[in-house]
Amino acid sequence: MDLLSARGVHVHFGGLRALDGVDLSVPPGSIYGLIGPNGAGKTTLFNCISRFQPYSAGAIHYRGRDLGALGPHDAMGLGMARTFQNINLFRSRSTLDNILIGMHARLGNPLAAMLSLPSGRRREGALRGRARQMAEMFGLTDVLDQQVVHLPFGYQKRVELARALASEPTLLLLDEPVAGCNEEETRELCEIVRAINRDLNVTVLVVEHDMSLVRAICDEVTVLDFGRNIARGAPVEILNHPAVVEAYLGETVAPHA
Amino acid sequence: MSERGWQITLTFLAFGALLALPAAIPSFYASLLAFMFTYVIAAVGVNLLTGYTGLVTVGHGGFFAIGAYTTALMAKHLGTSVVPGLVAGTVLAGIVGFGLGIICLRLGGAFLAIATLGFALAVGAVLNNWSIFEGREGIQLGKNSVAGLGIKDVGFYYVGLAVMAIVMLASWSIIRSGVGRAFVAMRDSERAAEAMGINLRLYKTVAFAISAAMTAAGGVLFAHHNRYVSTETFGDTWLSVDFLTAVVVGGQASLFGSALGAAFVVMVPYYLGELRDFAYVLNGVALIAVLVFAPDGMAGVLARLLRRVLGRTAREVAPVVDPVSVGRG
């Protein structure tokens with residue numbers, strides 16, 4: 001059964017049909033790509049899944065559960081974690097605090113935490129230990145106590161990933177993870193995402209513009225254009241698919257793009 | 001010693017000094033300091049909401065008034081004193097704070113400031129016009145006592161110190177917990193906070209409720225300190241403005257800053273004596289100076305000085321607070 005599935009999702013912004021009956025199904029264990037030209041509705045669908053955007057018709061199921069009535073803060077508790085297109089960190093906080101906030105869903109009894117009761121302190125200790133492990137995994141141990149706003153771009157990207165994975169999700173939603181990255185950083189990020197998928201056994205749904213990333217890491221992709229599905233399949237087939245080539249006409253689909 | 005070690009040591013030293021102080025000063029000054037404690041308590045409450053959670057309030061004078069009038073009415077009709085007033089005042093203000101939090105959920109920035117200002121004005125209007133509150137006539141409170149024992153200036157000083165310590169300890173415990181991290185997360189980025197699983201509605205209203213309850217504790221003590229409440233004090237919004245000034249001038253998101261700021265807004269008019277109205281001008285100047293030159297307030301400036309004294313090189317010292325995230329006061 002699919003980990004995540006969307007059927008006939010509609011989103012209208014006034015007269016504009018941002019999503020016009022879109023389908024999506026993400027099998028467990030995969031790295032799944034959601035691509036399309038500008039304005040195709042990728043990010044809108046992404047936001048529907050992460051519950052930041054309500055939809056007017058259709059249904060989205062995660063592990064067989066209907067997401068329709070849930071809010072953005074419910075997604076994390078279900079085992080979905082997301083990143084943002086432009087890095088969205090808690091800027092005044094340290095790397096460690098950012099990762100700890102990512103574990104909010106595992107806080108336990110908030111009253112025990114607030115009052116520093118023994119059970120709350122034990123939980124806090126466990127969370128901190130786990131956060132340090134996450135930081136180590138992402139090469140962030142050196143900057144654990146630094147304010148994230150002062151970190152270089154590449155570090156901030158990794159903090160965001162570590163924060164998203166801190167809650168040990170089963171599905172990781174990445175919104176244009178290599179936006180603003182140079183070639184070197186893109187390669188590094190591809191490695192990290194593959195490692196997350198393989199070693200942590202996390203299913204990844206990635207919305208992306210960058211075809212080199214899609215080709216490098218995605219097992220399967222769905223292509224949207226003008227709020228509709230136009231193709232689905234393995235990256236290599238898809239990039240030569242006539243409808244996809246047409247949708248991208250005017251944009252380069254060459255390997256370096 | 002680590003920076004955290006210094007913080008804890010200095011905190012204990014400060015409280016130790018405050019414990020010993022009444023032996024060394026005339027009881028009149030003990031009374032003045034107890035008055036200041038009520039402002040510190042209120043400012044710590046405001047700081048939790050405005051400094052840490054990023055929700056600017058210009059209405060906490062309303063919660064201060066709820067605390068003060070709750071205990072005043074109880075004293076008048078039931079003959080109670082400080083402790084029952086503290087319990088009832090904080091609980092009632094917490095409930096009202098929760099309600100105001102719900103009403104203000106969708107507001108932020110200047111809109112929230114205006115809405116909370118409206119709350120303070122509404123409380124003032126109720127106090128002025130509903131006869132049980134006695135308007136400008138005011139309500140007299142009897143002699144103060146705790147557990148049946150009468151207390152005077154020095155005794156009241158220790159009651160104020162104890163309540164201040166409890167409120168600060170509670171605030172500190174909340175701030176360093178996952179709940180406090182969630183408050184700060186909402187301040188830094190609501191969208192990211194939601195994506196981390198933080199229920200904005202719940203956490204904002206809870207922040208409002210706790211903050212209101214703390215501020216009301218200050219109001220309860222204020223009423224017993226003066227043994228008199230009237231709309232002369234509670235009928236307008238100056239208390240609310242004083243608390244916000246204390247938090248911003250003292251240093252947002254700093255408990256020590258709230259204490260410094262409260263001392264500033266209490267002591268400046270006191271030492272100005274006849275010229276006390278001039279204090280509003282000084283407060284305004286201090287606000288602008290802090291926002292322009294030291295967004296992290298007096299506490300931030302002192303922390304930087306302390307680091308310099310401790311002999312760290314400038315290179316090692318990271319900026320304490322990011323001006324962008326706190327400049328919203």
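Lettering of chains follows the sequences in order, A, B, ..., and the numbering in each one begins at 1.
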By a 4.5 Å heavy-atom criterion (distance strictly below it), what part of A:S116 contacts chain B: side chain, backbone, both, or neither?
both
Provide the closest heavy-atom pair for B:A192 versus A:N88 in the form atom of the first, atom of the second, distance.
CB-O, 3.5 Å
Pick one of side chain, backbone, both or neither for A:A75, based on which atoms fall under 4.5 Å of a heavy atom in chain B.
neither
Which atom names give the shortest non-hydrogen contact between A:R82 and B:M196, and what distance separates them?
O-CE, 4.4 Å
Inspect the surroundings of CZ in B:F12 and state if more than 12 heavy atoms from other residues, nucleotides or ligands are less than 6.0 Å away.
no
Evaluate whether atom CZ of A:R194 has more than 12 neighbouring non-hydrogen atoms of other residues, nucleotides or ligands under 6.0 angstrom away.
yes
B:Y203 versus chain A, heavy atoms under 4.5 Å apart: side chain, backbone, both or neither?
side chain
With a sphere of 6.0 Å drawn around CG of A:N201, does it hold more than 12 non-hydrogen atoms of other residues, nucleotides or ligands?
no
What's the shortest heavy-atom distance between B:D188 and A:R91, and which atoms?
OD2-N, 3.2 Å
Distance from B:S173 atom OG to A:L117 atom CG, nearest 0.5 Å?
8.0 Å
Give a yes or no on whether A:Y155 atom OH has more than 12 heavy-atom contacts from other residues, nucleotides or ligands under 6.0 Å away.
no
So CG of A:L100 and CZ of B:R181: to nearest 0.5 Å the spacing works out to 4.5 Å
Can you see which heavy atom on A:F84 is nearest to which on B:A195, and at what distance?
CZ-CB, 3.8 Å
Is it the backbone or the side chain of A:L107 that comes under 4.5 Å from a heavy atom of chain B, or both, or neither?
side chain
Sort B:I175 into side chain, backbone, both or neither according to what part of it lies under 4.5 angstrom from a heavy atom of chain A.
neither
Shortest non-hydrogen contact from B:V179 toward A:P110
CG2-O, 3.7 Å
Measure distances from A:R128 to the heavy atoms of chain B and classify the residue's part below 4.5 Å as side chain, backbone, both or neither.
side chain
Whether over 12 other heavy atoms sit under 6.0 Å from B:R191 CZ:
yes
Please rank A:R51, A:Q146, A:M76 by heavy-atom pairs under 4.5 Å with chain B and give me the top one.
A:M76
Counting heavy-atom pairs under 4.5 Å with chain B, which one of A:M80, A:M114, A:R93 comes out on top?
A:M114
With a cut-off of 6.0 Å (strictly less than), are more than 12 heavy atoms of other residues, nucleotides or ligands near CZ of B:F15?
yes
Does A:I101 reach the side chain of B:V184, with side-chain heavy atoms less than 4.5 Å apart?
no
Most heavy-atom pairs under 4.5 angstrom with chain A, which of B:A170, B:A185, B:A182?
B:A185
Scanning both residues in full, the closest heavy-atom pair of B:G178 with A:H104 reads O-ND1, 4.3 Å
Might you confirm whether atom CZ of A:R132 has over 12 heavy atoms from other residues, nucleotides or ligands at distances under 6.0 Å?
no
Checking heavy atoms, do the side chain of A:D74, its backbone, both or neither come under 4.5 Å from chain B?
neither
Taking CD in A:E185 as the centre, count heavy atoms belonging to other residues, nucleotides or ligands within less than 6.0 Å. Is the count above 12?
yes
